Enquirer: 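Take this structure, written in structure tokens, and hold onto it; I'll ask about it next.
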Amino acid sequence: MQPLQTTSLRVVDNHLFILDQQALPQQKQWLPASTVEELVGHIHALRVRGAPLIGLSASLLLALLAEQGANRDQLAQALETLRAARPTAVNLMNNLDRMKRALTQEHFVAALTAEALRLIDEDKQLCDNIAVAGSALVTPGSRLLTHCNTGGLATAGVGTALGVIALAHQQGNVANVWVDETRPLLQGGRLTAWELGELGVPYQLITDSMAASLMAKGLVDAVWVGADRIAANGDVANKIGTYSLAVLAKFHHVPFYVAAPQTTLDPHCPNGDAIPIEQRAAGEVTGVAGSFGAVNWAPENAAVYNPAFDVTPAALISGWVLDSGVVTPSDVANGIFQLH
Ligand code: MRU
């Protein structure tokens, strides 16, 4: 495969490398992801994360394994193992469905490579289209609030919600971005703050519990978040804490936008109740660990509940900003996300 470089994926000499998103922002280190076990380990540890990126990394690895001589059965097995790496973001399943079709082709090695590269190129274009559609909704002087990380780190392109914010900033319309730190794994505090800094976008980091008082004071003009899965009725699974923001936004009459590519749509999933929600390890809640070190503050063996995502009901969403344009609540009520 030709050499390839995105913000957080790299192919060099036919091998996949990932930018370790657990080490950022203190360290910028690239790690090999040469085997299924290695990549699944990175995905479990959130060294590779973000709905689009998970699917793209898995697709690239499959193509590289094919080029290295894996046979059809081995690739089919690898595909199923990768598909099970994380349950909530549907981009992984959607991308791997396309790779599975490529695997049935007579010249499956070439077909898998072509499909993986197509997915990367498409994702870049999807991000650009989302940014254009979304930035049109950002009014001059906007103070925007975002959650988790939806930028170039999480995609092959400029990102989803963060791509909208970056373009709106270039257009001169962003006064400030409130960045939720995003407990428990701090994707906002570590990754979004870093990306906005690199882009020169003005931001202020807040703890998740500060959003309510900011909205009450009239300091938030809109909330922009990404998505891990959009169900047929418009319900959205995204990083834990998204739902509370949507409730707050509704109460304070602040528009709440979800930005996502078509690879995040799941028309087979009727509503949010049917979206599988990943449960994660207790240690993520009882302490924090990263390149800055590790600390535990809870009592030893404290009982913990740690869902990685929550579901925001469609009724709380002002607009679904897709690569195809802005979907309104009445579009959703008319079944735009349903199978036809
Ligand atoms: O657990 P993570 O960090 O993979 O969760 C990421 C999110 O929830 C993002 O908002 C979502 O994947 C969209 S990324 C463009």
Side-chain angles (χ1 to χ4, degrees), residues 6-9 18-22 24 39-40 42-58 85-95 123-124 126-131 134 145-166 179-192 194-195 208 223-230 236-246 256-266 275-281 284-285 290 306-312 317 320-323:
T6 72
T7 305
S8 43
L9 295 177
I18 59 105
L19 179 60
D20 181 353
Q21 298 200 36
Q22 283 298 342
L24 283 172
L39 182 58
V40 168
H42 292 324
I43 293 173
H44 283 166
L46 269 65
R47 290 187 282 269
V48 173
R49 53 150 295 283
L53 193 79
I54 295 168
L56 298 173
S57 63
R86 283 189 87 185
T88 304
V90 79
N91 310 59
L92 175 64
M93 295 74 180
N94 284 341
N95 286 5
D123 188 68
K124 291 180 187 166
L126 297 174
C127 288
D128 286 344
N129 294 352
I130 292 167
L145 189 148
T146 192
H147 190 66
C148 197
N149 173 267
T150 60
L153 287 168
T155 67
V158 295
T160 59
L162 215 61
V164 170
I165 292 172
V179 177
D180 257 5
E181 69 172 356
T182 316
R183 272 288 287 156
L185 293 179
L186 309 172
Q187 290 94 328
R190 294 185 301 104
L191 306 177
T192 300
W194 179 72
E195 281 202 66
D208 300 356
V223 177
W224 282 89
V225 297
D228 286 82
R229 193 183 294 231
I230 300 177
V236 168
N238 192 50
K239 179 52 53 193
I240 191 76
T242 303
Y243 174 42
S244 7
L245 285 176
F256 183 92
Y257 296 113
V258 174
Q262 53 175 264
T263 47
T264 308
L265 299 177
D266 186 358
I275 300 177
I277 300 294
E278 177 186 6
Q279 296 288 328
R280 292 187 59 88
E284 295 177 352
V285 176
N306 185 17
F309 301 94
D310 57 25
V311 173
T312 298
I317 298 171
W320 295 252
V321 180
L322 308 182
D323 45 281

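Note that these values count all heavy atoms, side chains included, but never hydrogens, waters or copies made by symmetry. Residue numbers run from 1 in the order of the sequence given. As the structure is a computational prediction, the values presented were derived from the model and not from experiment. All ligand and atom numbering here is 1-based and tracks the order in the structure.
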Enquirer: Return the closest protein heavy atom for atom 1 (O) of ligand 1 as residue, atom name and distance.
Expert: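 Checked against all protein heavy atoms, atom 1 (O) of ligand 1 sits closest to K239 NZ, 2.8 Å.
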Enquirer: Starting from atom 3 (O) of ligand 1, find the nearest protein heavy-atom neighbour and note its residue, name and distance.
Expert: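 Sorting protein heavy atoms by distance from atom 3 (O) of ligand 1 puts R49 NE, 2.5 Å first.
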Enquirer: Could you tell me if Q21 and R47 have a donor-acceptor pair between their side chains, going purely by distance under 3.5 Å?
Expert: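 No, no side-chain donor-acceptor contact under 3.5 Å.
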Enquirer: Can you name the atoms of ligand 1, numbered from 1 with element, that are less than 4.0 Å from a heavy atom of F309?
Expert: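 Selected atoms, number and element: 1 (O), 5 (O), 8 (O).
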Enquirer: Are R183 and D208 close enough, and set up right, to give a salt bridge (charged side-chain N to carboxylate O under 4.0 Å, His left out), and what steps lead you there?
Expert: CA-CA 7 Å; R183 272 288 287 156; D208 300 356; over 6 Å; no
Enquirer: Classify the side-chain pair N91/T264 by whether it contains a donor and acceptor separated by less than 3.5 Å.
Expert: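 Yes, side-chain donor-acceptor contact under 3.5 Å.
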Enquirer: What protein heavy atom lies closest to atom 10 (O) of ligand 1? Include the residue and the distance to one decimal.
Expert: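 Protein heavy atom at minimum distance: N238 OD1, 2.7 Å.
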Enquirer: Only one of K239, E195, Q187 passes side chain to side chain donor-acceptor pair (under 3.5 Å) with N149; say which it is.
Expert: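 It is E195; the other options fail the test.
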Enquirer: What atoms in ligand 1 come closer than 4.0 Å to a heavy atom of Q187?
Expert: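 Within the 4.0 Å cut-off of Q187, ligand 1 contributes 1 (O), 2 (P), 3 (O).
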Enquirer: Just which atoms of ligand 1 are under 4.0 Å from any heavy atom in G50?
Expert: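 So the atoms of ligand 1 that pass are 4 (O), 12 (O).
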Enquirer: Just to check, does R86 reach to within less than 4.0 Å of ligand 1 when the distance is taken from its heavy atoms?
Expert: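 A heavy atom of R86 does come that close to ligand 1.
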Enquirer: If you measure from each non-hydrogen atom of A51 to ligand 1, which part falls under 4.0 Å: side chain, backbone, both or neither?
Expert: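 The part of A51 near ligand 1 is both the backbone and the side chain.
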Enquirer: For ligand 1, indicate whether the residue L46 contacts it via side chain, backbone, both or neither (heavy-atom separation under 4.0 Å).
Expert: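 The side chain, only.
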Enquirer: Side-chain contact test, heavy atoms from C-beta onward, threshold under 4.5 Å: evaluate it for R280 versus P307 and give yes or no.
Expert: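 The answer is no; the side chains never approach within 4.5 Å.
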Enquirer: Give me the nearest non-hydrogen protein atom to atom 11 (C) of ligand 1 as residue plus atom name, then the distance to 0.1 Å.
Expert: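 For this ligand atom, the closest protein heavy atom is D228 OD1, 3.2 Å.
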Enquirer: If hydrogens are left out, which of A227, P261, A154 has an atom nearest to atom 13 (C) of ligand 1, that is, the closest non-hydrogen atom?
Expert: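 Among A227, P261, A154, the closest heavy atom to atom 13 (C) of ligand 1 comes from A227.
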Enquirer: Check the side chains of D228 and T88 for a donor-acceptor pair under 3.5 angstrom, ignoring hydrogens and angles.
Expert: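 Checked: T88/D228 side chains show no N/O donor-acceptor pair below 3.5 Å.
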Enquirer: Among all the protein's non-hydrogen atoms, which is closest to atom 15 (C) of ligand 1, and how far away is it?
Expert: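 For this ligand atom, the closest protein heavy atom is T160 OG1, 3.3 Å.
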Enquirer: So N129 and P261, do their side chains get closer than 4.5 Å, heavy atoms only?
Expert: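 SC-SC contact between P261 and N129 ruled out.
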Enquirer: Contact between V236 and T242 at the side-chain level, heavy atoms closer than 4.5 Å - yes or no?
Expert: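 Counting from C-beta outward, V236 and T242 never come under 4.5 Å.
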Enquirer: Is the shortest distance from a heavy atom of P52 to ligand 1 less than 4.0 Å?
Expert: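 Distance cut 4.0 Å: P52 passes for ligand 1.
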Enquirer: Would Q279 and N306 count as having a side-chain donor-acceptor pair, cut-off 3.5 Å?
Expert: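 Side-chain D/A pair, Q279 to N306: absent.
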